[in-house]
Undergrad: 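Below you'll find the structure I mean.
Note that the structure is predicted; figures quoted are calculated from it, not measured.
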Amino acid sequence: MDQDIFSGLSPIQKEIVMCTEGPVLVLAGAGSGKTRVLTHRIAHLVQNLRVPGYNILAITFTNKATNEMVERLEKMLGPDNSVWVYTFHKFCSIILRKHAEKIGFKAGFSIYDDDDSKKLFKRIFKNQGIDYLTEDEVRNEISNAKQKGLTAERYTASIDGINNPEKADLFRKYQEGLLQANAMDYDDLLVNAFELLNNNPDIAEYYKNKFKYIHVDEFQDTNKIQNDITKLIAEKWKNLFVVGDDDQCIYKWRGAEIENILCFDQVYKEAKTFKLQENYRSTPNIITSANNLIKNNSERHEKELVAQRNSGVRVEYLNSFNDLQEAQQITSIIYSLKYNNNYQNSDFAILVREAIAGNAIENRIREAGISYRVLGGYKFYERKEILDVLAYLRLVSNPEDNAAFLRVVNYPKRGMGGAAVDFISGISTEKGISLFEAACIAADLDEVKFRAKAQTIEFVELMRKLISKKNTAIECIIRYILELTCFKEELEKGQTKEEAETRYENILFFEKQAKQFQLKNKDSSLDAFIESVTLAPETKEIESEGCITISTVHAVKGLEFPVVFVAACEEGVFPSQQSINKEEVEEERRVMYVAITRAKDRLYVSNANRRFRYGKDEFHYPSRFISEMKADGSRQAFSEFGGRKFEEERISFSDREDDYGYNGSVEKANECVNAIKQIIHAPSVYNESIEDYKTGKRIKHSRYGEGVIILITGEEDDKVATVEFPDLGIKKFVIKNTPMTLL
DNA sequence: TATGTGTTCTTTTTT
DNA sequence: AGAACACATA
Ligand SMILES: Nc1ncnc2c1ncn2[C@@H]1O[C@H](COP(=O)(O)OP(=O)(O)OP(=O)(O)O)[C@@H](O)[C@H]1O
């Protein structure tokens, strides 16, 4: 037996790894080694028990987590371990592509993203002339139904469907629209995969047999349909291993049902349950803050993390008067820690609740010449120009993809506006065929009121030419698209030269990625590339090694960093305004809990009094979570400095440019960095015995030398000493935070 | 039909 | 701030 696998595991972790047969639940707090146990268990199965990799399935939640797991497994098992590691959606898509015909689809089906799905709803609403319901309302409801495993038919028959016949009707129409376009939305991948397996026992049998050992990471965030799929696949061998933490459930808004994990032992009666409380990741101060914070949630099962590490600096609180200063402070601290404490870029993460809050920081970091990557939020593939090119590719791969058709039919402009599309659309509904097929028919029709006939012929010709190139290298198809459509010229029309240039560069980058995809992947078909873009969109990473991470909290779930900044911790931002309005702050608190437990050594929690958001300056109070973290005697674990009082700030705010004392020149920026460096360098509190400082006493300041106190003003922690130095004259200091001693 | 201009609305988190 | 939409004009 390879003992290496067990080194670096605690006795209880080892016991869990050895427990390979039957259902197992590991319910444990952040940083307790759940993912580590999961990966080691797989290694144990493969190396010691000789289970072939293709009999093992590991499901993760986000693409980041998948990459992380694949990497860890490759380290232990080598690159050619054939273990299946996928997200739920990717896993379902693989199965569906194999057996699409069984449920009336073709293997090359498109995957509609949120935008495509919204637009389909919009079209349906327009056709039906519905104005008493909002699209978002219906879309949400339908998505929720799907996440509970309801198909349109079952929804129609359910209480909700009976009470809302018009919604049920829209649900059916929506699914018809998708089917006609040979497309599925994200939720459909799950629902259809489940239906496929449930209705075709022979197919299900194959997968049930194949996956002898099934693992699910972050199980607290599974929704009903995901739980059902897992249950179904695990039916035969019942070797289902799930790990999770109810305090880290942050996807309730996407249908996550915490009961899946809490009732696991009731569903699987023979399940073994393990709990881990030891945290191996973070310093005691960070753990204290995390425990203090999460205690404020009432709907939870008591559990306290116990730090296994035994030293560490305090958690730092940063307060800034606006978002720009916040960005500046964080940048300065990063400089300082790199310079003075030998941290690397990759050691840092700046986490935010909403992706836009990272913008100001991103700009400052870029100006400072630090390389970085951005996770979460606006993705590279969501840029308009990329989506446009992608839509051409989609139409080549699946000519029935109506969303793609509508996107490209008049882009670049070719004289096929609303009237032409309406005409084609009429043929499509009448004959029950896709828009592209309808366009092909329209091109041959002699209809007087169809003025765009010539243009339609041309468009159909263009698409046929592209489709004939379907099996050549993707980069060539993209080139061909750009050439035939005069894409570049169109880009140059609407906007400034610079904008057009960046956009074109983005497309060239996209082309490069397509090339790399084909070099890297076994299945290098166009279909596979398009799917990888919609299902596992990589961010445009400037560098993956040696760069700091700016990310949403959601996108770094399961990851860890030596130094973490949680920025924009303000009421209305983190917790979000919506959660406050709906009185659903507990999930936000769990998001914060996830954020701070990413930190290994150093944690900074930051808020800005003023923030530029949604086109205007907004004022926010510091997040309630900040005070919760340092509540009850943990003052020791938490220090504060900097910043002015909120109300004071509200009255006197000046010009944005000057706010962080820096107008764009590198010299000034560095001056600023140095100034703040001085502050952050020093421990925050120097003098506990403030009362001993009295007028007339002599002091020694660490930088200015000896002097005499000539005046004391202020109260308690804010007490200020005015000191006269023989050479330097008079200076004022906040006693508590000044590096000086009494003589 | 294209294009310009003005208006209103929406602002979380991911697959 | 930015998108998405609506309406008027070329
Ligand atoms: N027995 C151990 N001894 C030393 N370090 C450990 C041990 N177990 C886990 N660790 C370390 O603790 C950290 C957290 O482990 P891991 O990521 O597996 O935790 P987790 O429970 O999945 O966390 P989270 O729930 O926050 O994602 C890792 O750096 C890991 O290497």
Side-chain angles (χ1 to χ4, degrees), chain A residues 59-66 86-93 111-119 122 126 134-136 143 146-147 184-191 193 218 221-223 225-226 248-256 351-360 375-379 381-382 384 409-423 451-452 455 490 493-494 531-537 539 551-557 568 572-582 584-585 587-588 590-592 594-595 611-618:
Chain A
I59 294 203
T60 59
F61 225 72
T62 60
N63 294 308
K64 269 274 141 340
T66 304
Y86 297 112
T87 63
F88 268 109
H89 290 83
K90 176 72 189 176
F91 174 68
C92 290
S93 158
I111 297 170
Y112 271 19
D113 65 15
D114 280 350
D115 205 49
D116 297 324
S117 142
K118 265 185 203 153
K119 283 183 175 148
K122 218 159 254 178
K126 212 170 127 198
T134 69
E135 286 138 25
D136 272 352
S143 175
K146 286 181 179 176
Q147 279 156 9
M184 300 184 195
D185 67 16
Y186 288 123
D187 298 324
D188 284 338
L189 293 175
L190 307 173
V191 177
E218 311 279 9
D221 278 321
T222 51
N223 56 33
I225 186 71
Q226 291 167 331
Q248 291 187 69
C249 176
I250 55 175
Y251 283 95
K252 278 226 167 107
W253 54 275
R254 209 175 80 176
L351 306 183
V352 286
R353 172 67 244 264
E354 49 178 37
I356 8 143
N359 285 358
L375 309 180
Y378 193 52
K379 296 182 187 70
Y381 294 122
E382 285 168 11
K384 187 187 172 301
V409 64
N410 201 29
Y411 188 89
K413 300 252 156 62
R414 57 170 68 83
M416 293 179 72
V421 172
D422 281 349
F423 181 75
R451 286 199 287 163
Q455 291 92 321
E490 178 73 19
K493 259 191 232 163
E531 173 167 306
S532 85
V533 171
T534 25
L535 230 43
T539 35
S551 174
T552 60
V553 180
H554 286 81
V556 290
K557 197 150 157 267
V573 181
F574 198 172
S576 71
Q577 195 53 52
Q578 295 91 320
S579 73
I580 297 172
N581 297 344
K582 285 186 285 184
E584 286 172 2
V585 179
E587 174 144 323
E588 297 288 303
R590 289 191 292 269
V591 179
M592 180 60 92
V594 170
R611 174 171 302 282
F612 195 65
R613 218 160 69 119
Y614 308 139
K616 53 182 189 298
D617 268 313
E618 289 184 354

Undergrad: Would you indicate, yes or no, if B/dT15 has its OP1 or OP2 atom less than 4.0 angstrom from a side-chain nitrogen or oxygen of A/N63?
TA: yes
Undergrad: How close or far is atom P of B/dT14 from atom NZ of A/K118, stated in whole angstroms?
TA: 14 Å
Undergrad: Going by the rule ring-ring contact (aromatic ring centres under 6.0 Å, His included), which residues pair with A/F423 if we only count those two or more places apart in sequence or in a different chain?
TA: A/F450
Undergrad: What are the two closest non-hydrogen atoms of A/L190 and A/C92, and how far apart are they?
TA: CD2-SG, 3.8 Å
Undergrad: Mind calculating the distance between NZ (A/K379) and P (B/dT13) to the nearest angstrom?
TA: 9 Å
Undergrad: Between A/K119 and A/D115, does any NZ, NE, NH1 or NH2 come within less than 4.0 Å of an OD or OE carboxylate oxygen?
TA: yes
Undergrad: Got a list of protein N/O to nucleotides 3-5 of chain C N/O distances below 3.5 Å?
TA:
residue	atom	partner	partner atom	Å
C/dC5	OP1	A/K122	NZ	2.9

Undergrad: Strictly under 3.5 Å: I want the nitrogen or oxygen pairs between protein and nucleotides 7-12 of chain B, one per line.
TA:
residue	atom	partner	partner atom	Å
B/dT12	O2	A/R353	NH1	2.6
B/dT12	O2	A/R353	NH2	2.4

Undergrad: If we ignore hydrogens and angles and just use 3.5 Å, is the side chain of A/E588 paired with the main-chain N or O of A/S576 as donor and acceptor?
TA: yes
Undergrad: Remember a base hit wins even if backbone is also touched, and classify A/D114 as base, sugar-phosphate or nothing at under 4.0 Å, heavy atoms.
TA: base
Undergrad: Measuring only the C1' atom in each nucleotide, how far is B/dT12 from C/dC5? A whole number of Å is fine.
TA: 24 Å
Undergrad: In this structure, how many angstroms lie between the C1' atom of C/dG2 and the CZ atom of A/R613, rounded?
TA: 15 Å
Undergrad: Using a 4.0 Å heavy-atom cut-off to protein, can you give one letter per nucleotide of nucleotides 1-6 of chain B, 5' to 3': B if the base is in contact, S if only the sugar-phosphate is, - if neither?
TA: SSS---
Undergrad: Any salt bridge linking A/E587 with A/K252? Criterion: basic side-chain nitrogen under 4.0 Å from a carboxylate oxygen.
TA: no
Undergrad: Are the side chains of A/Y186 and A/D114 in touch, meaning some heavy atoms are under 4.5 Å apart?
TA: yes
Undergrad: Among residues at least two apart in sequence or on other chains, which ones pass ring-ring contact (aromatic ring centres under 6.0 Å, His included) with A/F61?
TA: A/Y251
Undergrad: Using the P atom on both, measure B/dT13 against C/dA4 and round to a whole Å.
TA: 16 Å
Undergrad: Applying a 4.0 Å non-hydrogen cut-off, can you work out what A/Y251 is touching in the nucleic acid: base, sugar-phosphate, or nothing?
TA: sugar-phosphate
Undergrad: B/dT15 C1' sits how many Å from A/Q147 CD, rounded?
TA: 10 Å
Undergrad: Between A/D187 and A/S143, do the side chains contain an N or O donor and an N or O acceptor separated by less than 3.5 Å?
TA: yes
Undergrad: Rounded to whole angstrom units, what separation is found between the OH atom of A/Y186 and the C1' atom of B/dT15?
TA: 6 Å
Undergrad: Any side-chain heavy atom of A/K146 within less than 4.5 Å of one from A/D188?
TA: yes
Undergrad: Do the side chain of A/N63 and the main chain of A/L535 share a donor and acceptor less than 3.5 angstrom apart?
TA: yes
Undergrad: In whole Å, what is the span from the CD atom of A/E382 to the C1' atom of B/dT13?
TA: 13 Å
Undergrad: Taking NZ from A/K64 and P from B/dT14, how many angstroms apart are they, rounded to a whole number?
TA: 11 Å
Undergrad: Under the side chain to side chain contact (heavy atoms under 4.5 Å, CB included) test, which residues partner A/V594, sequence neighbours left out?
TA: A/Q248, A/I250, A/V553, A/K557, A/R598
Undergrad: Looking at A/N410 and A/M416, would you say the former's side chain and the latter's main chain have a donor-acceptor pair under 3.5 Å?
TA: yes
